[in-house]
Structures are given as structure tokens and as C-alpha cells.
Amino acid sequence: MKVLTLNFLTCAVKTCKSSSDSFPLHPKDAELVSDDVELNPQLLVNLLPRIDWKALRTTSTELGFPELPEQPPTAEELEADEKMLKDLHTLLVETQMNEGKLVCGHCGHEYAVREGIANFLLPSHLV
Amino acid sequence: MSRGRGRLTTTLASPSLASLKQDLTDPLPDRAAATLGLMPAPSTTPSALPSSSAADAVAKLTAAAAAGGGAETGTEPPAAEADAEAYERTHVHGVYEAIAPHFSATRYKPWPAVASFLHAQPAGGVGFDVGCGNGKYLGVNPGVFMVGSDRSPSLIGLARSRCKQLQGPHGNAAGAGTGGEASGAAVANDVLVADGLSLPFRERAADFAICVAVIHHMSTQARRQDAIRQLLRCVKLGEVGQIGGQVLVYVWALEQGNSRRGWDETGEQDLLVPWVLKSQQKKQKTKKVTQDQGIAGGSAATKSGERPLTPPTEGATPSHTDPVFQRYYHLYRQGELEEDVMAAGGVVVSSGYERDNWWVVAANEPSHHGHQEAEI
């Protein structure tokens, strides 16, 4: 489970969808690992406008990474800033949540992450 | 099992209620098990945890297959939502858990029309592949970021290995070796386990979504339409006057006159299709099979185990010890997929038929004032 992926996930419980508390999900007892992935600057620049930056800041802080700037870089700034590219690549693409839980801030449901795979199947009373 | 057909939808006129009742006998033991200890109905139960219930279903299916057929009791159709779910647990989820590696070995070549849809997406686009199976569409277009989901933890396990291979230092080489789809930069995708009717995706976050050979496994029309509704929620709304994010859906067609299966528009739409699980699977990798792959409707699938009513003779010649798993399918008739898209509140961008499958590209109904409000 990449940090990038977390930026596109919310609680699977339908009644949580309308609540802003259900996004982003909050990592708990997270064991992080780092994959070695070749940097693809163009993909990062292209992805930038799709990323919810505020949620990414929250996730990044909760995972213990240094605080991200309040505003996202522009495409031009990111293209010109090799360090920022590398940092974002490390955070978004290389960092994996290998074990732990993802907690919904609205209903409190915890989704298990095992061997890098998050499981969003719901018990029947939450479907 | 010689029958394995019956109409489950209520809106389509069908005289075959008798065969329907016959069919629905199969899942009943499992359904009974699922509801044991939780009277009255919806509550938590060990079997409500899908991974264990899938394992239960596999055990039951294997036992039933070994016994030469399912235990047959009861006559109730899955009228209730919980029943439809239990039915699919047995006849879809449990089957895929059991056949995952075998199934995956027959599913690695991207379906060309799906690949061209993926290649048409904008650079940096974000896409979801709902029911991604072994993840064969992840990495087809290295310029986009895709998240695949599937109901089957076993298939997602296989998909994850594939993702890791594609993003590795030799991702390109790995891609070329395993299917030739990825070229260029290393590919970064991800996978997770989720139900298509309870997706964890942030709404309106995706540029596109695909759902290939999945919705035909849902056993009521309401569930099939709901699945499309969930897909439509994933993708972005368009700017005023423009189509937003697009959703590609493929389903098996009722009209398969040119396939070995020989189904046509006069046949039943709701079937149980056998999958013969060989204990020795090496034959699946023979050249004959690899030359002729496709999605669900590919003839290689037939060779490797899918064929109604008669045992397959190639790739997976069944012996009496090979378990046979019955997968539920709703075969779509012409026009039905478009109807389901519209019932789900979507619009049809384009649609067509390709090699035993109906496909549709759908989008959300263009909003006339919603965006203007947002801009004010």
C-alpha cells in the first residue's frame, strides 16, 4: 500500500462517504518499508494536480515524515526542483505501508493491512 | 451438474421458474451456514468476515465437487440482498479463491480493446480497475497510475507480485517477459482487496475506471446496476458541457453464436459455468493455450476449463478426482448493458460487441448547473 494510493482511498462504509472525517484514512501501528522504484519525474508532475495535498500533508505527518509545505508546488516548480521530486517520489511511490491498520475518522472502523495489502471487505453489519 | 441454469432477475419475463428453483438449491447449505448463529438476520458472524467465509465456501465447494455434485435442499430464490450475497459467496467468491492460481495462469494477455482504452487516457491520469483479478491491466499504460481492487485476496496476492515485478529496477524486462505490456519507465501501481459494491475509493477522484468480466458475476439486476453506480461515483464529473471520467465495462454476452460455447439469444441468461481445477496445471502453459487468450470470452478459457454441460477435453481434461467449480454468470443480452448504465444514472458514451462480450464506455450524466454553483 503506497502513500500515493492512500490519497485516493476513503472508508468503504457507504454512510461514511459524505463525511469529511472519512478521508484520509489514518494509519495506525504502521510498519513502513521502502521499495526501490526508478524515479519517473513526468508521472509525478502529471499526478500532482490529482493529489489532494491537504490529505497528503496529514498522511505524511501521521507517518512521521517531515512536514510538507502548506501549498503544493506548481508543475513548473516541481519540474525544476530535483530534491522535491526525489522527496515526493520517496514518499508517494517508494514508501509502502506493509503492516498495520487504516482507521476511518468517522466510524472508527479499522482496515487491516497485511503484507502490503489493505483489506476493505466489510463485516456484514457495515455493508 | 447437468442443469445449472435459471433466471434470477425478476424484471425480465421468464417462464423458467422451475429451473430457477432447481439452481438455487446449490448455495443453500452455505447460506444456511452463513446464517447459523445469527438470528435474526444481519449481524456480525465469523462467516461475515469474507476471507474466512471464502475459505469456508472453498471447503464446501471442494467437498461438494468431490461428492460429484452439490447437496441439494431448499427451493428459495435469493430474493433478499443477503441471499444474493451468500449465493455469490459460494458461486463466485469461493470459486475464485479456490481456482486463483489456475485462473491467473490463463489470464495474462491484455484484451486489446481494453488496452487501447487505457492507452487513450491522459498522462498522469488516475484509474481504478475494479475486479482486477491478477492485475493484468495494471502497467499496460505506464503513463497512468492505477489502483486495482478485487474481492479475492488470493488473486490480489498474485496481482501484487506482478505490480512489484513491474516497478522493480528491471520492471521493463519483467514486463516484457510476462506479457510484454509495459515498456518505457518503471510502472507504479497498487492493489487492494475490496468488494465492488463497497468500494473504498475517494469519490470523483479517478480520471477513468475499468471493470472487465466482473459485473456478470452479480446475481441480481439491482446488484449489477449498483456496481455500475459505484464505478460512476469513482470518476470525475465533466466540466460544463463536457464528458467527465469514463468507465469501461465488459461483460459476457448471451449472444455467442460463434464461440465453442454455442450460446445464443434463445438461451438462459443465468448460468453456472463449470471450471475444472486440475491438480497438475502444467498443461496450462502449453503454446496452444498461450496463442489464444482473451478475457472471459477467450477461447483459451474454454480450453482451460470453461465449458457448459460437457467436460473440457483440452488443457484441463477432468478426471473423477478433479474438483469442478460452478461459477455463476449472468449473460447480457444485446442492449441490456446500456440499460443498466442508464438505470445507474449514467450515460452511454459508446458501446459494442467484441468476441463474446458486450462492452460499454459510460460516464456520469452531464451536470447543467452543479458546476456553476461550485464556481460561484
Side-chain angles (χ1 to χ4, degrees), chain A residues 1-18 20 22-25 33 35-52 55 75 89 92-94 96-97 102 104 109 111-127, chain B residues 34 38 41-45 47-51 53-54 81-82 85 93 122-126 128 142-145 147 149 151 153 156-157 159-160 163-164 167-172 184-195 197-203 205-207 230 233-234 236:
Chain A
M1 168 69 53
K2 294 178 191 297
V3 174
L4 176 59
T5 307
L6 256 180
N7 199 256
F8 294 97
L9 300 181
T10 178
C11 187
V13 177
K14 283 197 177 68
T15 50
C16 287
K17 297 282 188 194
S18 56
S20 58
S22 65
F23 176 78
L25 297 170
V33 295
D35 281 355
D36 186 13
V37 186
E38 195 185 334
L39 174 66
N40 183 344
Q42 201 52 53
L43 180 63
L44 275 182
V45 170
N46 290 334
L47 276 172
L48 188 64
R50 275 107 174 160
I51 290 169
D52 185 311
H89 174 70
L92 291 169
V93 182
E94 294 195 314
Q96 296 260 350
M97 183 168 165
L102 295 169
C104 172
H109 189 68
Y111 298 95
V113 180
R114 292 200 190 96
E115 295 178 357
I117 298 174
N119 188 324
F120 287 92
L121 298 180
L122 295 167
S124 60
H125 72 286
L126 288 179
V127 173
Chain B
L38 80 149
S43 172
T44 41
T45 161
S47 64
L49 291 172
S51 53
S53 66
E81 182 70 11
E85 238 180 278
H93 311 149
V126 172
F128 302 144
V144 300
F145 173 65
V147 181
S149 73
R151 186 67 178 64
I156 285 297
R160 178 170 159 79
C163 285
K164 288 196 84 93
Q167 74 171 17
H170 306 292
N172 301 342
V187 183
N189 294 297
D190 214 340
V191 291
L192 51 87
V193 177
D195 190 302
L197 297 179
S198 296
L199 290 171
F201 297 127
R202 167 155 68 92
E203 298 198 350
D207 295 86
Q230 301 312 315
R233 279 190 187 169
C234 290
K236 291 174 179 171

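Just so you know, these numbers use all the heavy atoms, side chains as well, and skip hydrogens, waters and symmetry mates. Bear in mind the structure is a predicted one, so any value in this text is a computation, not a measurement. Chain A is the first sequence line, chain B the second, and so forth, proteins listed ahead of strands; every chain is numbered from 1.
Here the CG atom belonging to L122(A) is positioned 8.0 Å from the CG atom belonging to D195(B), to the nearest 0.5 angstrom. Here the CG-CZ distance, from L6(A) to R202(B), works out to 11.0 Å after rounding to the nearest 0.5 Å. Note: K14(A) NZ to R233(B) CZ = 7.5 Å, rounded to the nearest 0.5 Å.
Residue I156(B) touches chain A through both its backbone and its side chain, counting heavy-atom pairs closer than 4.5 Å. Using a 4.5 Å cut-off between heavy atoms, K2(A) contacts chain B through both its backbone and its side chain. Contacts of F23(A) with chain B are made by side-chain atoms alone, with heavy-atom separations under 4.5 Å and no backbone atom involved. Using a 4.5 Å cut-off between heavy atoms, N189(B) contacts chain A through its backbone alone, with no side-chain atom that close. Proximity to chain B is absent for every atom of Q42(A), based on heavy atoms less than 4.5 angstrom apart.
In terms of heavy atoms, R50(A) sits closest to P122(B) at NH2-CG, 3.8 Å. When all heavy atoms of L192(B) and I117(A) are compared, the closest pair comes out as CA-CG2, 4.4 Å. Residues E115(A) and R160(B) approach most closely at O-NE, 3.1 Å, considering heavy atoms. Taking every heavy atom of both residues into account, L43(A) and G124(B) meet most closely at CD1-CA, 4.1 Å. Taking both residues in full, the closest heavy atoms of A12(A) and S198(B) are given as CB-O, 3.4 Å, listed atom of the first, atom of the second, then distance.
Here D52(A) is the residue among D52(A), V113(A), V45(A), L92(A) with the most heavy-atom pairs under 4.5 Å with chain B. Interface summary for chain B: among L4(A), V127(A), V13(A), V93(A), the most heavy-atom pairs under 4.5 angstrom belong to L4(A). Chain A forms more heavy-atom pairs under 4.5 Å with one residue of A205(B), G157(B), A206(B), A123(B) than with any other, namely A123(B). Highest contact tally toward chain B, considering only L47(A), L25(A), L126(A), L48(A), is held by L47(A) [criterion: heavy-atom pairs under 4.5 Å].
A heavy-atom distance below 4.5 Å is found between the side chains of L121(A) and V193(B). Looking at T5(A) and F145(B), their side chains come closer than 4.5 Å, going by heavy atoms from C-beta outward. Inter-residue side-chain proximity for F201(B) and T10(A) is flagged as unmet; no heavy-atom pair is nearer than 4.5 Å.
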